[in-house]
Amino acid sequence: MSASALFGTYARSGLEFDHGEGVWLVASDGRRFLDCGSGIAVNALGHSHPHLVEALKTQAEKLWHVSNLHPVAGQERLGRRLADVTFADRVFFTNSGAEAMEAAIKTARRYQYDQGHPERFHVVTFEGAFHGRTLATIAAGGQAKYLEGFGPKAPGFDQVPTGDLEALKQVIGPQTAAIAIEPIQGEGGVREVPAEFLRQLRKICDDEGLLLIFDEIQTGVGRTGKLFAHEWSGVNPDIMAIAKGIGGGFPVGACLATAEASAGMVPGTHGTTFGGNPLAMAVGNAVLDVILADEFLDAVKSKGLSFKQKLAGLVDNHPKVLSDVRGTGLMLGLKCVVPVAELVSMAREHGLLAVPAGDNVVRIMPPLTISEEEISEAVARLEAAAQSLEQKMTLEGAAE
Ligand SMILES: *Cc1c(COP(=O)(O)O)cnc(C)c1O
């Protein structure tokens with residue numbers, strides 16, 4: 001292989017795609033792949049969605065960038081729309097998920113500072129969490145493999161096992177500012193947090209004067225069949241980070257907060273050159289047009305249920321390959337018996353793309369626009385992949 005001009009940070013598949021149509025990706029050699037990864041939960045409306053293409057083209061012909069020195073076309077509207085349908089009163093736009101989490105962490109620290117508690121800057125997070133790859137967010141995620149070799153872990157992050165209330169109470173102290181959690185861990189392996197645990201977190205935050213931060217970068221924007229996954233629990237955060245699906249493939253993220261939690265974020269405290277630029281806002285607004293339309297989310301719920309049921313059948317039929325199905329809506333996970341990388345690459349050979357996660361789980365996160373027929377096709381392809389893996393095991397067993 002000739003030396004690449006790129007950093008060696010990614011172990012890429014080698015599959016090059018030429019274009020996409022709905023839930024399908026077409027490789028340069030013409031092969032068609034059913035996309036059950038959505039570019040890691042990003043292409044919420046699939047590829048080349050006409051409404052998004054139109055919105056981007058129209059904006060591209062008008063104005064690309066003015067910076068946040070001026071009001072930016074579309075920001076006020078997208079911010080208002082997000083606030084209207086959530087717990088939040090205010091929104092700060094970013095370019096990525098990690099930046100949205102950074103904004104969330106800074107907002108929480110600044111709130112405590114304004115309350116006269118500059119010593120309260122610690123954020124409690126949970127084992128298996130993923131909050132991004134910046135220096136602060138790798139400290140928040142707490143995973144050794146992402147921290148190694150990058151200097152001292154940024155101070156102010158304390159981690160406890162998910163679901164462990166006692167450990168949580170132990171770690172909360174006079175330095176604690178906030179608790180941050182993904183309602184369903186994505187990278188961690190589609191691990192769902194029980195609603196009761198979120199309720200406990202809300203109570204602890206209220207009792208102790210802490211802010212509750214939800215990282216809905218992966219779970220948000222309709223992925224689970226609700227606009228945001230925390231709606232399943234009825235528990236509202238004070239601050240929430242979103243990204244991925246809100247841009248439908250255009251890089252955009254946002255930090256949402258209540259008026260109280262965001263009151264300290266006054267002029268000069270935070271900023272971004274690109275965040276919330278006109279192109280991103282045009283696409284974000286177009287994504288909401290579709291996702292907030294009547295019955296869209298109900299359809300995601302019912303498609304998610306039927307997909308999960310079919311995957312449960314697949315698990316039953318292939319106990320040597322799969323052991324469990326988990327998740328909500330179209331954020332599904334298959335717990336593997338075989339190494340997850342083997343299932344992902346075999347599925348690819350059968351024309352289906354999925355995303356590996358922690359806990360030996362493969363994530364099934366198709367565009368929310370997937371049809372029932374395409375769900376059946378996805379299950380058939382996964383079935384074929386499971387059969388191929390079983391055949392391989394039988395052959396390898398015979399060879400021993
Ligand atoms: C993807 C993700 C992030 C990081 O988003 P980037 O856009 O890659 O910076 C943070 N938190 C969660 C839960 C994610 O899924």
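In listed order, ligands and their atoms are each counted from 1. Positions are given from 1 along the sequence.
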Trainee: I want to know if ligand 1 touches Ala98 in the polar sense, i.e. an N/O pair below 3.5 angstrom.
Mentor: yes

Trainee: Heavy-atom distances under 4.0 Å are what count here, so tell me which part of Glu182 touches ligand 1: side chain, backbone, both or neither.
Mentor: side chain

Trainee: Which ligand 1 atoms, with their elements, are less than 4.0 angstrom from a heavy-atom of His131?
Mentor: 10 (C), 11 (N)

Trainee: Tell me: protein heavy atom nearest atom 1 (C) of ligand 1, and distance?
Mentor: Lys244 NZ, 1.5 Å

Trainee: Report yes or no: does Trp64 contribute a side-chain atom to a donor-acceptor pair with the main-chain N or O of Ala60 at less than 3.5 Å?
Mentor: yes

Trainee: Phe126 vs Phe197 aromatic rings, parallel, tilted or perpendicular, using cut-offs 30° and 60°?
Mentor: perpendicular

Trainee: Heavy-atom distances under 4.0 Å are what count here, so tell me which part of Ala243 touches ligand 1: side chain, backbone, both or neither.
Mentor: neither

Trainee: Backbone N or O of Ala27 within a donor-acceptor pair of the Glu16 side chain at under 3.5 Å?
Mentor: no

Trainee: Just by distance, do the side chain of Lys303 and the backbone of Leu368 share a donor-acceptor pair under 3.5 Å?
Mentor: yes

Trainee: What I want to know is whether Phe130 and ligand 1 share at least one N or O pair that is separated by under 3.5 angstrom.
Mentor: yes

Trainee: Can any side-chain N or O of Asp215 pair as donor or acceptor with the backbone N or O of Ile217 at less than 3.5 Å?
Mentor: yes

Trainee: For Gly220, is there any backbone N or O sitting under 3.5 Å from a side-chain donor or acceptor partner on Thr224?
Mentor: no

Trainee: Would Glu187 count as a polar contact of ligand 1, with the cut-off being nitrogen or oxygen pairs under 3.5 Å?
Mentor: no

Trainee: Would you say atom 7 (O) of ligand 1 touches the protein, meaning some protein heavy atom is under 4.0 Å from it?
Mentor: yes

Trainee: Which of the numbered atoms in ligand 1 are below 4.0 angstrom from a heavy atom of Gly132?
Mentor: 4 (C), 10 (C)

Trainee: Among all protein non-hydrogen atoms, which one is nearest to atom 11 (N) of ligand 1, and what is the separation to 0.1 Å?
Mentor: Asp215 OD2, 2.7 Å

Trainee: Whether Arg120 engages the ring of Tyr113 as a cation-pi pair (distance to the six-membered ring centre under 6.0 angstrom, angle to the ring normal within 45°) should be assessed.
Mentor: no

Trainee: Please name the pair of heavy atoms, one in Thr86 and one in Phe228, separated by the smallest distance, quoted to 0.1 Å.
Mentor: CG2-CE1, 3.5 Å

Trainee: Any N or O on Gly97 sitting closer than 3.5 Å to an N or O of ligand 1?
Mentor: yes

